[in-house]
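Given the structure is predicted, the values throughout are model-derived calculations rather than measurements.
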Amino acid sequence: MSGDHSHSEDQVDGGSRFNDSHKHKDKYKEKEHKHKDHKKDKERDKSKHGNSDHKDSSDKKHRDKEKMKHKDGSTDKYKDKHKEKRKEEKMKSFDGKVKKEKENGFASPHVKSEPEDDIYHSPKHEKSLKRERDDDNDSEFKPKKIKTEIKTENDKRAKKRKPDEDTKSKKTKNKKGEVADGKKKAKKEPEEKWKWWEEERYTDGSKWKFLEHKGPVFAPPYEPLPSNVKFYYDGKHMKLSPGAEEVATFFAKMLDHEYTTKDIFRKNFFKDWRKEMTAEEKAKLTDLKKCDFSEMSDYFKAQSEARKAMTKDEKLKIKAENERLLQEYGFCIMDNHKERIANFRIEPPGLFRGRGDHPKMGMLKRRIRPQDIIINCSKDSEHPKPPPGTKWKEVRHDNKVTWLVSWTENIQGSIKYIMLNPSSRIKGEKDWQKYETARRLKKCVDRIRNQYREDWKSKEMRIRQRAVALYFIDKLALRAGNEKEEGETADTVGCCSLRVEHIKLYPENDGQEYVVEFDFLGKDSIRYYNKVPVEKRVFKNLQLFMENKEPDDDLFDRLNTSVLNKHLQELMDGLTAKVFRTYNASITLQQQLKELTSGEDNVPAKILSYNRANRAVAILCNHQRAPPKTFEKSMQNLQTKIDAKRGQLSDAKRDLKSAKADAKIRRDEKSKKTVETKKKAVQRIEEQLMKLEVQATDREENKQIALGTSKLNYLDPRISVAWCKKWGIPVEKIYNKTQREKFAWAIDMAEDDYEF
DNA sequence: TAAAAGACTTGGAACAATGTTC
DNA sequence: GAACATTGTTCCAAGTCTTTTA
């Protein structure tokens, strides 16, 4: 598995996946937080190292050495401590729901020092390719890189551009250069799109020089229920205080949702709801089961129906108002350009909807007020005004970050941000940089693979673990798997946080040797199930890692994401675990496109090929979705259409046949024409039929797979653009409007010969 | 230096808008 | 133009990785 190609084949075909594997299965529910009274880690460690019946004697020697080495290793200490805590927790709480002390992070302490250079490099007016990076050098992305080098690089690249692009770009050249210090307000954005990718990037670590915006839009205030909408407790009407009523409506709005049947959700909700009640209410309302929210629920349903049934005019009015809000708050000015803000509305209060078995689901997400808000903007901009009579928590001017507004949410205590749209310069640059890093990995991936294969034989356990984990991250596109605070979130894992219970080893399975079965909940509690044959050495290592461990012990007990990423950083500048996902996704797309696209195919067939290539990536990355509720029905409908079309086709063919026969007898122009018309009709119907059949295939194959995430986040858009150009497929068939805006840089720069 | 905080990307579901069919 | 299907957009949770703090 040294070359890209074979490697990727592994990825595409490797393992049996997607066998009805959507989301946390019952198994997990049962398994969750099982209470076990197992021995402490240190004891385990001892017994492990002392264990003498290892099959592989060299392994044993290694372990013995390891024992010495790790006696005082900080990493181990950490892991042990961590595990002890986890175990303590498990022992403490029967159902594992008791919270645990905060404990996370492993972040490497190294801080990149960036030269403090406040001089704004004003962009050049002449056509430049400052940002077009070559695969061998994405150092332009690093602020440290000095300008002269950039120029040289770009001069080199400038030749690559086609002349017609040059004229195009002249026309759309932005006006940035006119205001050298970037501090004056922008002139009106020209109608043409700004090509930020043709400009120079900041090299001083700053993200902008000028930022002005209007602040966030707050959630509308609570509107009390009309008096005829009643709440009942224990069958009796009860008028709730406004605070309690508001929280009650959050629950009522979700009444039809599965959430409200879940114990944790109900428990959390009730606890938080009670906090909002008056003393009197608190005394009276003691049992959620006795609460009757149905009138509220019906009221909201009726409201939603009414909204749907609104007249055209009313709908238009709302639309106009939304548009007004968008125009006023939805844009900011960043360095002379009007840029779209992604989420300018503050999240409204409601009940927290954690995914999977989230211990905090149902908790009250409190309303965010101006005094919770931190504004970030330029000193010399017109600062956003807080609503009358209120104050912002803080107004700061930090141009080393990209966010405009932030606040701390009350469920996890984490910070939320308002940032720019994906089409913005600031997001686009980062995105581009991501793919360039992945392309650099392409150049050294063989070396890295060879290295981790070597490391499988290392004397040090931590190195072996690191190497095996990296193999999985590379081969299976697993996520890194940061440590998580137990009890704070759903129990999900990634590679480094895999536990013994998440894998099963089969020396032989279905005629294959050394098979590993993965079964765990990953991000968003989406199940990852995969059976993959691995190399013997990996297999033996896994056996070793699992020795004398309990099911809920860490598989890689001498590894965490910080250690792994530090190692990766040494292998390649800028390399982290997630780069492998980007790299493998993009390279897989490129290979699959090459393999699947046939020049003779028509456009729909080519698009099917594209979707199949996209699908291969989505499967690799385990991007699953719940099959749409209407899936079966819509498949049926499609089949009906296909059948009808087939009928139509045979009719048309019969017509053609008789027309031909007719023409043979008559031998006149009119009947000849008729034959032509009939011929065309047959052709048209054949095409339509083919289209429908392709659609059916595509849909069936896509039942449980979500293509969007990989398309938006993992696939270098230049691959798709190049493919479109090469085969004459309109790019609109692959990317919708929003996606085209996000990938404008790629659409503009990629030619048909682009190679990832 | 480990832990915590902060910043930013990735993720599927829900909702809204648009397209299609009758 | 109503009803339904499909596609696009928004929402906000949950990851990764970096930076700061104690």
When rounded to whole Å, the CZ to P distance for the pair R353(A) and dG11(B) reads 21 Å
(Q) Just N and O in the side chain of K400(A): are any of them under 4.0 Å from OP1 or OP2 of dG6(B)? (A) no
(message) Any side-chain N or O of R699(A) below 4.0 angstrom from OP1/OP2 of dT6(C)?
(response) yes
- Query: Using a cut-off of 4.0 Å on non-hydrogen atoms, how would the nucleic acid contact of G481(A) be classed: base, sugar-phosphate, or nothing?
  - Reply: sugar-phosphate
In whole angstroms, the gap separating P of dC17(C) from CG of L568(A) amounts to 9 Å
Rounded to whole Å, the CE-C1' distance (M419(A) to dC8(B)) equals 5 Å
Across the strands shown, which category fits S414(A) at heavy-atom distances under 4.0 angstrom: base, sugar-phosphate, nothing? nothing
request  = Ignoring backbone atoms, establish whether T402(A) has a side-chain N or O less than 4.0 Å from OP1 or OP2 of dC8(B).
outcome  = yes
Return no unless some side-chain N or O of T576(A) is found under 4.0 Å from OP1 or OP2 of dC17(C).
yes
Atom CD1 of I415(A) and atom C1' of dC12(C) are separated, to the nearest Å, by 16 Å
With a 6.0 Å cut-off on the ring centroids, do H358(A) and F352(A) count as close?
yes
*asked:* What's A577(A) touching, base or sugar-phosphate or nothing? Going by heavy atoms closer than 4.0 Å.
replied: sugar-phosphate
message = I want to check one thing: is the phosphate of dA13(C), taken as OP1 and OP2, less than 4.0 Å away from some side-chain N or O of K416(A)?
response = yes
Rounded to whole Å, the CZ-C1' distance (F631(A) to dC4(C)) equals 17 Å
DNA chain B nearest-nucleotide lookup for D431(A) and K319(A): closer to the 5′ end is D431(A)
Q.
Do the side chains of K301(A) and E305(A) get close enough for a salt bridge, i.e. N-O under 4.0 angstrom?
A. no
Of dC11(C), dG12(B), dT9(C), the nucleotide closest to the side chain of R345(A) is dC11(C)
*Under 4.0 angstrom between Y714(A) side-chain N/O and dT9(B) OP1 or OP2*: no
CA sep, side-chain torsions, deciding dist, call: E409(A), K365(A), salt bridge (Lys or Arg N to Asp or Glu O under 4.0 Å):
CA-CA 8 Å; E409(A) 55 91 38; K365(A) 238 174 73 162; over 6 Å; no
| hbond_proxy K430(A) side chain to dT9(B) base (donor-acceptor, 3.5 Å cutoff) | no
Atom NZ of K315(A) and atom C1' of dG1(C) are separated, to the nearest Å, by 12 Å
What do you reckon, are the aromatic ring centroids of Y528(A) and H502(A) less than 6.0 Å apart? no
Point to revise | OP1 or OP2 of dG6(B) under 4.0 Å from side-chain N/O of S406(A) | key: no
Taken to the nearest whole Å, CZ/F352(A) to P/dA14(B) is 15 Å
Output yes when at least one side-chain N/O atom of R355(A) is less than 4.0 Å from OP1 or OP2 of dC11(C), else no.
no
Picking from dA13(B), dG11(B), dG8(C), the nucleotide nearest the side-chain atoms of R625(A) would be dA13(B)
Among the nucleotides dA14(C), dG12(B), dT16(C), whichever has the atom closest to the side chain of R479(A) is dT16(C)
When rounded to whole Å, the CD1 to P distance for the pair I411(A) and dC12(C) reads 12 Å
OP1 or OP2 of dC8(B) less than 4.0 angstrom from a side-chain nitrogen or oxygen of K207(A), does that happen here?
-> yes
| Side-chain donor/acceptor of K360(A) to backbone N/O of F265(A), under 3.5 Å | no
Taking only N and O in the side chain of Q412(A), is any of them less than 4.0 Å away from OP1 or OP2 of dA13(C)? no
Please classify the nucleic acid contact of N343(A) as base, sugar-phosphate, or nothing, using heavy-atom distances under 4.0 Å.
nothing
**Prompt:** How about F269(A) and F250(A): are their ring centroids closer than 6.0 Å?
**Reply:** no
Ranking dG11(B), dT10(C), dA7(B) by distance to the side chain of W403(A), first place goes to dA7(B)
Ranking dC17(C), dC8(B), dC12(C) by distance to the side chain of N482(A), first place goes to dC17(C)
Note: for N736(A) and H358(A) on DNA chain C, the residue whose nearest nucleotide lies more 5' is N736(A)
Taking only side-chain N and O atoms of K523(A), does any of them lie within less than 4.0 angstrom of OP1 or OP2 on dA13(C)? no
Does the side chain of K578(A) get closer than 4.0 angstrom to OP1 or OP2 of dT9(B) through an N or O atom?
no
**Q.** Within the 6.0 Å centroid threshold, strictly below: F743(A) and Y735(A)
**A.** yes
Please work out if P422(A) contacts a base, only the sugar-phosphate, or nothing of the nucleic acid, heavy-atom cut-off 4.0 Å. nothing
Is the shortest side-chain N/O distance from H623(A) to OP1 or OP2 of dT10(B) below 4.0 Å? no
Considering only heavy side-chain atoms of Y417(A), the closest of dT9(B), dG12(B), dG6(B) is dG6(B)
Worksheet entry | Six-ring centre of Y610(A), K733(A) cation under 6.0 angstrom, axis tolerance 45° | no
